[in-house]
There are 2 protein chains.
Amino acid sequence: MTAEAKTAHPASPPLTERQEARRRRILHASAQLASRGGFDAVQMREVAESSQVALGTLYRYFPSKVHLLVATMQDQLQHMHATVRKRPPSSDLPSERVAETLMRAFRALQREPHLADAMVRALTFADRSVSPEVDQVSRQTTAIILDAMELDDPTPQQLSAVRVIEHTWHSALITWLSGRASIAQVKIDIETVCRLIDLTTPDGQK
Amino acid sequence: MTAEAKTAHPASPPLTERQEARRRRILHASAQLASRGGFDAVQMREVAESSQVALGTLYRYFPSKVHLLVATMQDQLQHMHATVRKRPPSSDLPSERVAETLMRAFRALQREPHLADAMVRALTFADRSVSPEVDQVSRQTTAIILDAMELDDPTPQQLSAVRVIEHTWHSALITWLSGRASIAQVKIDIETVCRLIDLTTPDGQK
DNA sequence: GGCAACTCTGAAACTTGTTCTAGATTACCG
DNA sequence: CGGTAATCTAGAACAAGTTTCAGAGTTGCC
């Protein structure tokens, strides 16, 4: 993968400059409102007004509130990935590097818990109509984790481990966001699941 | 724990017979509608009509749609737990017994995919106001998994593993329900995460 | 420049979750 | 039994996501 770091629309018509700007305004307004009050605070009428776009136009760009928030998440994830790439995790063991990376992401989310709430709730609430977009988020997350592992050619078992790590990551976030798990607990869960990686590296420690 | 297998209301006033019957009718209608069309098909007006109860009454019994569906899930989980107790898993290894139990539950959900959709979506979409109820579901799930492990006194590490297994279970269900993962993939994910248990049993195989 | 197609706007309408109200019913207490 | 408080009912009303539509504005193209 070389330089198609953009949103990677498979076959969407190229947007004009003004359209790109609109899209950007919408995403910005969405993130802003989400930062204030989470999922519920992102109200489509307000997003439209905030981004100076008619409601119908908002729906043309993002066919539902969930689509909008998942796109917002894609946006944030890209930041995250770029950031992590600049300062890669420092531990020796792959499992520890992954845990370190996820904890770094977790701390970033803690700085904007409402935004995290909006994005994660949208992600898990998404139905089939949003599958492509959610899948894209999932691929992006996988890429970040694989980066942290620093493997050129992961085995199927390692890919399975990564899947399970993602599952745990999402679900642990939800328990944290809904107040059913502490930050410390999420940390433990992440560290626990990351040990799965050690199981799959032939020359790992016991 | 002896016989308080009921819904375990901490301090709710005892319901009269007719009230208990109403509650039951509501839960039944909810499950019925959910079985047809999933989360979206459970419409509060329809639930009310179906269970021959006024809308206001429905909301007195269950303060939101999510509360209602989470209660529905509690109900179903109890069935499940009772069923599993009757025929416990047969494998030798704890990790395999857990995987076997979860796969059995998964097959049960496959028989009613729409109902599964409604319950799981509600569970992960629940906000803080539903935390107690969601927590109850989580405890019930933990109990089922611990039962499968057949341990009298789980270590903290083992409890951590169980937490991660639950995370994976919920998240894998979501990916399946939204069509982003196949049944086979869910099976792999469950089997993968269950190997965490082997990591925590001192006399397990490598 | 001028036109055809597409896009955007503003506003109303529709849907479904949730709340509220006024009046009937029921449950409980003396 | 009679009364009173709690509960239930029917229905309107409200909130926010989504859809629709007529008209104005842009864009691409000749």
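Proteins get letters first, then strands, A, B, ... in listed order; numbering begins at 1 in each. Predicted model only: the values in this text are computed from it and were never measured.
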Of all of residues 58-66 of chain A, which get a heavy atom below 4.0 angstrom from DNA chain C, listed by number? A:Arg60, A:Tyr61
Does any N or O donor sit under 3.5 Å from an N or O acceptor when you compare the side chain of B:Arg45 with the base of C:dT15? no
Salt bridge between B:Arg104 and B:Glu100, side-chain N to carboxylate O under 4.0 Å? yes
Can you measure B:Gln52 atom CD to D:dT7 atom P for me and round it to whole angstrom units? 21 Å
Interatomic distance where CD belongs to B:Glu17 and C1' belongs to D:dT7 [whole Å]: 17 Å
Output the rounded distance in Å from CD1 (A:Ile26) to P (C:dT7). 14 Å
Can you check whether B:Gln19 has a side-chain N or O nearer than 4.0 Å to OP1 or OP2 of D:dC8? yes
When you match A:Gly56 and A:Val42 each to their closest nucleotide on DNA chain D, which lands nearer the 5' end? A:Val42
Length of the CE-P vector between B:Met44 and D:dA13, whole Å: 21 Å
Quick one: does NZ or CZ of A:Lys65 land under 6.0 Å from the six-membered ring centre of A:Phe125, within 45 degrees of the ring axis? no
Under 4.0 Å between a side-chain N/O of B:Thr16 and OP1 or OP2 of C:dA27, yes or no? no
In whole Å, I'd like the distance from the CD atom of B:Glu46 to the P atom of C:dT16. 9 Å
Evaluate the side chain to side chain donor-acceptor pair (under 3.5 Å) criterion for residues A:Ser178 and A:Arg180: first the C-alpha distance (whole Å), next the side-chain angles of each, then the deciding distance (0.1 Å), finally the verdict. CA-CA 6 Å; A:Ser178 62; A:Arg180 301 196 324 276; 2.7 Å; yes
Search all heavy atoms of A:Thr175 against all heavy atoms of A:Ala172 and return the closest pair with its distance. OG1-O, 2.7 Å
Closest to the side chain of A:Val53, out of C:dT19, C:dT9, D:dT18, is C:dT9
Check the distance between C:dG17's P and A:Phe39's CZ and give it to me in whole angstrom. 14 Å
Is it the case that the side chains of A:Glu166 and B:Ser171 hold a donor-acceptor pair, with the cut-off being a distance below 3.5 Å and no angle test? no
Consider only side-chain N and O atoms of A:Asp198 and A:Ser95, and report whether a donor and an acceptor are under 3.5 Å apart. yes
Given D:dT27, is OP1 or OP2 found less than 4.0 Å from the side-chain N or O atoms of A:Arg18? yes
Minimum heavy-atom separation for A:Arg128 to B:Leu177, with atom names? NH1-O, 2.8 Å
Measure from CG on A:Leu55 to C1' on D:dA15 and round the result to the nearest Å. 14 Å
Using whole Å, report how far CD of A:Glu49 lies from C1' of C:dG10. 12 Å
